[in-house]
Protein chains: 2
Amino acid sequence: MENKTAVTALSALAQESRLAVFRLLVQNGPDGLNPGVIAEHLDIPLPTLSFHLKTLAQSGLVSTVQEGRFIRYRADMAAFNRLTDFLLEDCCGGELQRCATPNTDQ
Amino acid sequence: MENKTAVTALSALAQESRLAVFRLLVQNGPDGLNPGVIAEHLDIPLPTLSFHLKTLAQSGLVSTVQEGRFIRYRADMAAFNRLTDFLLEDCCGGELQRCATPNTDQ
DNA sequence: GCTATATTTTCATAATATTGGAACTATGGA
DNA sequence: TCCATAGTTCCAATATTATGAAAATATAGC
């Protein structure tokens with residue numbers, strides 16, 4: 001993963017409404033949710049939510065499927081895992097036993 | 001963890017220089033690094049870096065210890081883990097076997 | 001005290017993101 | 001074909017964030 005890809009994903013999550021949307025989608029797992037349901041659940045106006053869903057989808061953290069008049073949004077867990085792996089890449093220079101005892105020499 | 005705390009932490013990471021700083025600190029583990037070394041490593045002007053380090057420290061993802069004229073910055077792995085736990089809280093409504101087979105019904 | 005080093009703060013400019021009303025598009029059913 | 005429903009796009013006002021030069025602070029050693 002590239003630094004810029006990660007910044008895009010983190011920026012997508014770094015906003016109150018979008019974070020709430022993502023967590024709600026995580027909680028709904030493979031079922032996902034429609035914008036209408038999300039808007040009602042989180043009390044966000046639909047145009048505002050649509051803007052945020054677009055941002056999340058473009059970041060890759062959320063996927064979409066059109067189903068007739070409805071659109072199903074889902075959290076993409078694999079994309080999220082790639083993100084956290086990138087953040088922790090080469091943690092403690094690879095000597096993992098040091099990760100287990102942080103701040104030992106404070 | 002509160003939604004706002006998480007947004008603050010994610011915002012701290014959602015910037016190219018700060019993300020690079022955080023990853024560098026993760027890689028240096030408990031040893032951490034001084035601003036001077038980080039600035040040289042990432043080629044960021046010190047005032048700009050100082051601004052970003054402050055943002056990271058205020059988010060809780062990075063801790064600081066004054067050591068004479070030097071300041072040691074460290075990644076706070078526990079804080080990071082709290083953040084990811086919050087993001088994945090109640091994943092798939094608690095039925096974890098659903099998490100193992102995402103997008104089954106696509 | 002003086003000097004060099006390490007780091008932060010101030011501040012003005014520039015860039016970027018968020019909001020939601022109104023208008024628009026697309027689909028399914030009568 | 002017409003209507004209701006689901007969702008998006010447009011747009012202009014507002015708010016937030018990043019940048020780095022210059023000045024300030026703080027510590028160590030002489």
Side-chain angles (χ1 to χ4, degrees), chain A residues 3-25 28 31-75, chain B residues 2-25 28 31-75 106:
Chain A
N3 204 291
K4 274 190 187 172
T5 311
V7 167
T8 302
L10 289 163
S11 298
L13 295 175
Q15 202 277 345
E16 227 173 307
S17 298
R18 284 197 298 265
L19 179 56
V21 169
F22 181 76
R23 294 215 315 140
L24 190 58
L25 290 178
N28 277 273
D31 293 345
L33 287 173
N34 306 134
V37 176
I38 301 172
E40 194 181 18
H41 226 283
L42 301 178
D43 195 28
I44 299 173
L46 257 177
T48 302
L49 176 65
S50 186
F51 166 80
H52 288 313
L53 284 172
K54 190 179 172 185
T55 304
L56 281 167
Q58 282 175 345
S59 81
L61 288 171
V62 154
S63 67
T64 66
V65 190
Q66 185 91 35
E67 293 178 348
R69 266 186 300 185
F70 298 82
I71 299 179
R72 190 183 297 262
Y73 282 85
R74 289 185 177 99
Chain B
E2 259 184 60
N3 203 291
K4 276 190 187 173
T5 311
V7 167
T8 302
L10 290 163
S11 300
L13 295 175
Q15 201 278 344
E16 226 172 306
S17 299
R18 284 197 299 266
L19 179 56
V21 169
F22 181 77
R23 295 217 312 142
L24 190 58
L25 290 176
N28 276 272
D31 293 344
L33 288 173
N34 305 134
V37 177
I38 301 171
E40 195 181 16
H41 225 284
L42 300 179
D43 195 29
I44 301 172
L46 259 174
T48 302
L49 176 64
S50 186
F51 166 79
H52 288 313
L53 283 172
K54 190 178 172 185
T55 303
L56 281 166
Q58 282 174 346
S59 81
L61 288 171
V62 154
S63 67
T64 66
V65 190
Q66 184 91 35
E67 293 178 348
R69 267 185 299 183
F70 298 80
I71 300 178
R72 190 184 296 263
Y73 282 86
R74 287 187 180 98
Q106 234 176 35

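The analysis underlying the following values was restricted to heavy atoms, covering all of them including side chains, and did not include hydrogens, waters or symmetry mates. Quick note on labels: first sequence line is chain A, next is B, and so on, each numbered from 1.
Residue-level contact check: B:L46 touches the bases, meaning some heavy atom is under 4.0 Å from a base atom.
Nearest approach of A:L10 to B:A14, heavy atoms of both residues: C-CB, 3.7 Å.
Bracketed by its first and final contacts, the part of DNA chain D lying under 4.0 Å from non-hydrogen atoms of chain B reaches from D:dA18 to D:dA28 in 5' to 3' order.
Here CZ of B:R23 is found 10.5 Å from CG of B:L42. Values are rounded to the nearest 0.5 Å. The distance from the CG atom of B:L53 to the OG1 atom of B:T48 is 11.0 Å, given to the nearest 0.5 Å.
One N or O on the side chain of A:R18 and one on the backbone of A:A12 form a donor-acceptor pair closer than 3.5 Å. In this structure, the side chain of A:R72 engages the main chain of A:D31 through a donor-acceptor pair within 3.5 Å. Not one N or O on the side chain of A:S50 forms a donor-acceptor pair closer than 3.5 Å with the backbone of A:P47.
Looking at heavy atoms from C-beta onward, B:L46 lies in side-chain contact with B:P35 at the 4.5 angstrom threshold. Counting heavy atoms from C-beta outward, B:V21 and B:H52 have side chains that stay 4.5 Å or more apart. With contacts defined as side-chain heavy-atom distances shorter than 4.5 Å, the pair A:L33/A:L25 qualifies.
C:dT16 atom C1' lies 14 Å from atom CD of B:E16, rounded to whole Å. Here the P atom of nucleotide C:dA17 and the CG atom of A:L10 are 14 Å apart, to the nearest Å.
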Summarise how protein sits on nucleotides 18-30 of chain C as a single string, 5' to 3': B when a protein heavy atom is under 4.0 Å from the base, S for sugar-phosphate-only contact, - for no contact. SBBBB----BS--

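Within a 6.0 Å radius of CD in A:Q66, other residues, nucleotides and ligands contribute more than 12 heavy atoms.
Axis angle, first five pairs versus last five pairs of the helix from C:dG1-D:dC30 to C:dA30-D:dT1: 30°, rounded to 10°.
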